[in-house]
Asks: 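Below is one structure. I have some questions about it.
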Amino acid sequence: MTQLATDVDFVLSNGKTIPALGLGTVPPEDPHELKEQVITAVKAGYRHIDTAWYYGTEEYIGQALKQLFEEGIVKREDLFITTKVWPSFWRNPEKSLDKSLADLGLDYVDLFLQHWPVVLHGDENGLPPQPRDKDGKLIYDDDPVSGIKYIDAYHSLEDIMDNTSKVKSIGVSNYSIPKLRKLLAAVRKHKPVVNQIEYHPLLPQQDLVKYCYDNGVHISAYSPVGSNGAPVLKLQLINELASKYDVSVNEIANAYHILQGRSVLPRSSNLERIKSIIRLPNLTTEELNALYQIGVESPTRYINDEWGYGLGFKWWKGDTLSKDFD
Ligand SMILES: NC(=O)C1=CN([C@@H]2O[C@H](COP(=O)(O)OP(=O)(O)OC[C@H]3O[C@@H](n4cnc5c(N)ncnc54)[C@H](OP(=O)(O)O)[C@@H]3O)[C@@H](O)[C@H]2O)C=CC1
Ligand SMILES: O=C1O[C@H](CO)[C@@H](O)[C@@H]1O
């Protein structure tokens, strides 16, 4: 019998567990749809929801959670909820967290992530999320290459861990090896337990994954099918494996991560899809390696946001900074 992805958990470096399959919540055109997506996912067995202040979807997730708790479908402690602080809110991550908690209707999150190792010039409410000068250029609060204020922002997450009960664990997202190296050297007490990054067969980045593994940082893979348009699902090998194991292409894309110890965060507006992509086919080591090899020749990153320039990632479209950035 095929195992279920919803039955798999991983242990983080602080001893807490993270469910392998998490629902992504980047907003669809109509963010109200998130409520039904979350209810559908939890009823199908998902226990992990990935969100962020930046997505503007937390109030709809909160409505779903309220209903699920009231109906007795799950209890708060059954779920693993992640939220994130956006770069423009870097001066006061606790305020960002408080807004997220209020919208989610929760008194704690399981994981609070620094969304990017970048500091943007927002006001005390993190607005605007993308501050720009009159020429349309992003306004940073430091130089994106040499500045280390992103580490100050991480220290604020450590303070929240120490002084409140609003988070169970803290971590990071979109950290490259050079950024992570600097952060790990500067951590006061609470190492990041997770690095959430784009990862799929068209974007192999074993060096970053190995660095995280060696340092006890769990990888959560975002955009597992390559985001909008789902380019990963068009790969011939993914389709062949789906036929061989009699599962959907999405389940192969998820299994690629889960079988290698990474949690994975698929998103869908299609309720049938959310429900049906929970099987975990037992791919062989050779098949996992073959999936990895697909992108080695010409890797493609689909989340190439401007604030990712110069962070030391390989293959960032439009990034003119040196690959040897440190
Ligand atoms: N930390 C970070 O900076 C980031 C975190 N994330 C997190 O990761 C989550 C997932 O990443 P995301 O970029 O949203 O996208 P995904 O890689 O999960 O792709 C979702 C898209 O793929 C489509 N899709 C999925 N399956 C199929 C299929 N079988 N056929 C056709 N289309 C399909 C979906 O369409 P449909 O709706 O029709 O199913 C949707 O448009 C996010 O929602 C967010 O929670 C994402 C980006 C950055
Ligand atoms: O989490 C995120 O989602 C958006 C778009 O997918 C990206 O900018 C951000 O990091």
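Each ligand, and each atom within it, is numbered from 1 in the order the structure gives. Below, all heavy atoms of this structure are taken into account, side chains as well, without hydrogens, waters or symmetry copies.
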Asks: Which is closest to atom 21 (C) of ligand 1 in terms of heavy atoms, Pro28, Ala230, Ser173, Ser227?
Replies: Ser227

Asks: Mind checking whether His115 contacts ligand 2 via backbone (N, CA, C, O), side chain (CB onward), both or neither, at a 4.0 Å heavy-atom cut-off?
Replies: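 Side chain only.
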
Asks: Counting from 1, what ligand 1 atoms have a heavy atom of His115 closer than 4.0 Å?
Replies: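 Heavy-atom distances to His115 below 4.0 Å select 1 (N), 2 (C), 3 (O).
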
Asks: Of the choices Arg273, Lys234, Arg267, Gln196, which has the non-hydrogen atom that lies closest to atom 40 (C) of ligand 1?
Replies: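 Looking at heavy atoms only, Arg267 sits closest to atom 40 (C) of ligand 1.
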
Asks: In this structure, does ligand 1 have an atom that sits under 4.0 Å from one of the heavy atoms of Tyr302?
Replies: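 Tyr302: no contact with ligand 1 (<4.0 Å).
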
Asks: Numbering the atoms of ligand 1 from 1, which are under 4.0 Å from a heavy atom of Ser268?
Replies: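 Near Ser268, meaning under 4.0 Å from one of its heavy atoms, ligand 1 has 36 (P), 37 (O), 39 (O).
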
Asks: Within ligand 1, which atoms have a heavy atom of Asp50 less than 4.0 Å away?
Replies: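 Under 4.0 Å from Asp50, ligand 1 has these atoms: 7 (C), 44 (C), 45 (O).
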
Asks: Closest by any non-hydrogen atom to atom 37 (O) of ligand 1: pick that one out of Ser269, Ala242, Ser220.
Replies: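 The residue whose heavy atom sits nearest atom 37 (O) of ligand 1 is Ser269.
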
Asks: Among all protein heavy atoms, pick out the one at the shortest distance from atom 11 (O) of ligand 1; state its residue, atom name and that distance to 0.1 Å.
Replies: Ser223 N, 3.1 Å

Asks: Using a strict cut-off of 4.0 Å, indicate which atoms of ligand 2 neighbour a heavy atom of Trp307.
Replies: 8 (O)

Asks: Check each of Asn174, Leu233, Leu113 against atom 3 (O) of ligand 1 and report the one with the nearest heavy atom.
Replies: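 That would be Asn174.
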
Asks: Please confirm whether Pro266 comes within less than 3.5 Å of ligand 1 when only nitrogen or oxygen atoms on both sides are compared.
Replies: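 N/O-N/O distance below 3.5 Å does not exist for this pair.
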
Asks: Taking only heavy atoms of Asn228 into account, list the atoms of ligand 1 that are under 4.0 Å away from them.
Replies: 41 (O)

Asks: With heavy atoms only and a cut-off of under 4.0 Å, state how Trp116 meets ligand 2: side chain, backbone, both or neither.
Replies: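 The side chain, only.
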
Asks: Is any side-chain N of the basic residue among Glu71 and Lys66 closer than 4.0 Å to the acidic one's carboxylate O?
Replies: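 Salt bridge absent between Glu71 and Lys66.
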
Asks: Could you walk me through whether Leu111 and Ile170 pass the side chain to side chain contact (heavy atoms under 4.5 Å, CB included) test, one step at a time?
Replies: CA-CA 5 Å; Leu111 181 60; Ile170 55 172; 5.6 Å; no

Asks: Please indicate whether any nitrogen or oxygen in Val225 is less than 3.5 Å from any nitrogen or oxygen in ligand 1.
Replies: yes

Asks: Should you measure from each heavy atom of Val26, which atoms of ligand 2 turn up under 4.0 Å away?
Replies: 3 (O)

Asks: May I ask which of Ile49, Asn250, Thr57 has a heavy atom nearer to atom 26 (N) of ligand 1 than the others do?
Replies: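 Shortest heavy-atom distance from atom 26 (N) of ligand 1: Asn250.
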
Asks: Out of curiosity, His200 NE2 to Ile238 CD1, how far, rounded to the nearest 0.5 Å?
Replies: 10.5 Å

Asks: In terms of atom number and element, which parts of ligand 2 are under 4.0 angstrom from non-hydrogen atoms of Ile303?
Replies: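 Counting atoms of ligand 2 from 1, those under 4.0 Å from Ile303 are 6 (O).
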
Asks: Only heavy atoms of Gly226, strictly under 4.0 Å: list the atoms of ligand 1 that pass.
Replies: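 By the 4.0 Å cutoff, the relevant atoms are 17 (O).
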
